[in-house]
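The structure appears right after this line, and notes come after that.
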Number of protein chains: 2
Amino acid sequence: MDAKTLCLGVLSREPATGYDIRKAFQNGPFSHFCGAGFGSIYPALRKLSEDGLIEECPSSPDVRENKKIFSITPAGRKALCDELANPAPLGFEIMRSEFMFRVFFAHMMPQDRIQALFNERKALYHDKLDIIDNLLKKNSILPGEKFIAEMGKTLITAALQFLEKNTETLFALTSPEIGQQP
Amino acid sequence: MDAKTLCLGVLSREPATGYDIRKAFQNGPFSHFCGAGFGSIYPALRKLSEDGLIEECPSSPDVRENKKIFSITPAGRKALCDELANPAPLGFEIMRSEFMFRVFFAHMMPQDRIQALFNERKALYHDKLDIIDNLLKKNSILPGEKFIAEMGKTLITAALQFLEKNTETLFALTSPEIGQQP
DNA sequence: ATGCTAATGTATCATGTCGATATGATTTTT
DNA sequence: AAAAATCATATCGACATGATACATTAGCAT
């Protein structure tokens, strides 16, 4: 699932600029299961444009110059449908967590540093929950979108609860004084 | 958190070949929260070697020729500790799921295709649970490792339960006959 | 024995992605 | 009116990914 398909997916909902698309990945409805940066988005938009899957909306006086609003074309919508229905085995299901990597090596870290990690991670989970809760408040939400938002909420809530329940257990098992052990 | 640090982390547990490291990311104790392919691992091992953070074990007659077993050096262990204790804000916490991306657009897909997706994803979750359960059976497991394995188990179980509980809800909300809607 | 398949192992390449950065316009705050 | 935040496009180097190539070893069936 490359950046082109991701952008096409975002644009299938409503016309948007490259900037808007990035927001959809950062804070928006896609933020908890996919993403892309400018370095992927702008090249993708160029290619999609060349292939006629999206097109630039005609400039209008009330829109800032050199701001490019793209909308999906019928061909683009078909391409997205085809890609979605593609029966090839599911590709990525990737969980990458620097938090987990660090906690994995808890025995090599000073305990106050682990504590800080936990607090930081809990705060981030709360932020993500807020984003999702806002999504769920919209009444225009489609079934698939709703399902995925609720799935995200469930997973993040589970992570949060796990952290809250098991923090003390971990601390009890790691000695406070151990920091560097070369 | 780059490939070098990831490899260093794996090697801090026991000496390993590039191939072993990849297995640790694919099926091993790191498989549910980080990863890297050969294209990242071998260059990382070369650089770590150049920097003296790991070293190649001397060849022995009972080990196959041109098989390179690396072990972490004291300098490498120190570098890992420093990196782990680094108080810079946590970097990645990335969830990328092609499954979620597709289900998000459930209204554009034939219902039997969604059903197939669900089954495929459930099977993968079960595989991952098996891997983690095997990790938890080892009695040499360290506290951090155990914590992360149990966190992974919790998250995957939550995902699985969510899918099982809510499949029917989603199906009820998406019309069976809708496939392509251009 | 012999052939066959799967697993082990190192390595590289084209392509794509990430994070940082540059640049400037517009809006909001002070 | 100045300052700060946000909006918006774009590119660059460094790195990651997935595919592929190639060779060895182990198991195992015929």
Side-chain angles (χ1 to χ4, degrees), chain A residues 1-8 10-11 15-28 30-31 34-50 54 56-57 59-70 88-96 98 101, chain B residues 1-8 10-11 15-28 30-31 33-51 54 56-57 59-70 88-96 98 101:
Chain A
M1 192 120 313
D2 52 1
K4 291 208 297 284
T5 309
L6 297 180
C7 290
L8 214 46
V10 177
L11 290 175
T17 66
Y19 191 81
D20 294 330
I21 293 175
R22 183 163 173 260
K23 276 197 300 182
F25 290 144
Q26 278 212 321
N27 313 313
F30 294 86
S31 58
C34 65
F38 288 134
S40 312
I41 293 170
Y42 285 116
L45 289 176
R46 180 162 45 242
K47 278 174 213 159
L48 288 170
S49 231
E50 283 167 10
I54 63 175
E56 202 174 326
C57 298
S59 62
S60 77
D62 54 304
V63 171
R64 172 214 300 211
E65 184 118 28
N66 86 349
K67 170 175 168 177
K68 296 179 186 172
I69 304 176
F70 292 95
L90 275 176
F92 59 81
E93 177 82 22
I94 296 171
M95 173 76 184
R96 295 285 156 89
E98 185 174 332
F101 183 82
Chain B
M1 191 116 318
D2 52 1
K4 289 208 297 285
T5 309
L6 297 181
C7 289
L8 215 46
V10 177
L11 290 175
T17 65
Y19 190 79
D20 293 331
I21 293 175
R22 181 161 174 261
K23 275 196 300 184
F25 290 143
Q26 278 212 321
N27 313 313
F30 295 85
S31 58
F33 61 93
C34 66
F38 289 132
S40 313
I41 292 170
Y42 285 114
L45 290 177
R46 181 161 45 242
K47 279 174 211 157
L48 288 171
S49 230
E50 282 165 12
D51 296 346
I54 63 175
E56 201 174 329
C57 298
S59 61
S60 77
D62 54 304
V63 171
R64 175 213 301 210
E65 186 115 30
N66 84 350
K67 169 175 168 178
K68 297 180 186 171
I69 304 176
F70 292 96
L90 276 176
F92 59 80
E93 177 83 20
I94 297 171
M95 174 78 184
R96 296 284 158 89
E98 185 174 332
F101 182 82

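None of these values were measured; they are calculated from a predicted model. Lettering follows sequence order; numbering is per chain, from 1.
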Inset, instruction - Give one of base, sugar-phosphate or nothing for A:Gly37, where a contact means two heavy atoms less than 4.0 Å apart. - result: sugar-phosphate

Inset, instruction - Take the protein atom CD of B:Glu98 and the nucleotide atom C1' of D:dG18, then report the distance between them rounded to whole Å. - result: 14 Å

Inset, instruction - Would you mind reporting whether B:Thr17 and B:Phe70 have side-chain heavy atoms less than 4.5 Å apart? - result: no

Inset, instruction - Return the nearest nucleotide to the side chain of B:Phe38; candidates are D:dA8, D:dT17, C:dT12. - result: C:dT12

Inset, instruction - Report the distance from atom CZ of B:Arg46 to atom P of C:dG9, rounded to the nearest whole Å. - result: 19 Å

Legend entry - Intermediate values then yes/no, side-chain contact (heavy atoms from CB on, under 4.5 Å), B:Ile21 and B:Phe30: CA-CA 10 Å; B:Ile21 293 175; B:Phe30 295 85; over 6 Å; no

Inset, instruction - Please report, rounded to the nearest Å, how far the C1' atom of D:dA23 is from the OH atom of B:Tyr42. - result: 12 Å

Inset, instruction - Take the angle between the ring planes of A:Tyr42 and A:Phe38 and call it parallel below 30°, perpendicular above 60°, tilted in between. - result: parallel

Legend entry - Interatomic distance where CD1 belongs to B:Ile69 and P belongs to C:dT8 [whole Å]: 14 Å

Inset, instruction - Give me the residues of residues 16-28 of chain B where at least one heavy atom lies under 4.0 Å from an atom of DNA chain D, by number, or none. - result: none

Inset, instruction - Select one nucleotide: of C:dT17, D:dA8, D:dT17, the one nearest the side-chain heavy atoms of A:Asp2. - result: C:dT17

Inset, instruction - Ignoring the backbone of A:Ser40, work out which of C:dA11, C:dC18, D:dT9 is nearest its side chain. - result: C:dC18

Legend entry - Exam field: side chain B:Asp20 to backbone B:Lys23, donor-acceptor pair closer than 3.5 Å: no

Legend entry - Nucleotide of D:dA16, D:dT17, C:dT12 approaching B:Ala3 most closely (side-chain heavy atoms): D:dA16

Inset, instruction - Please round to the nearest 0.5 Å and tell me the distance separating atom SG of A:Cys7 and atom CG of A:Leu48. - result: 6.5 Å

Legend entry - Between C:dT17 (P) and A:Leu45 (CG): distance, integer Å: 12 Å

Legend entry - Distance in angstrom units between A:Leu6 CG and C:dG16 P, rounded: 14 Å

Legend entry - d(NZ, B:Lys67; C1', D:dT25) in whole Å: 10 Å

Legend entry - 4.5 Å side-chain heavy-atom contact, A:Ile41 and A:Tyr19: no

Legend entry - Side chains of A:Ser31 and A:Phe25 in contact at under 4.5 Å (non-hydrogen atoms): no

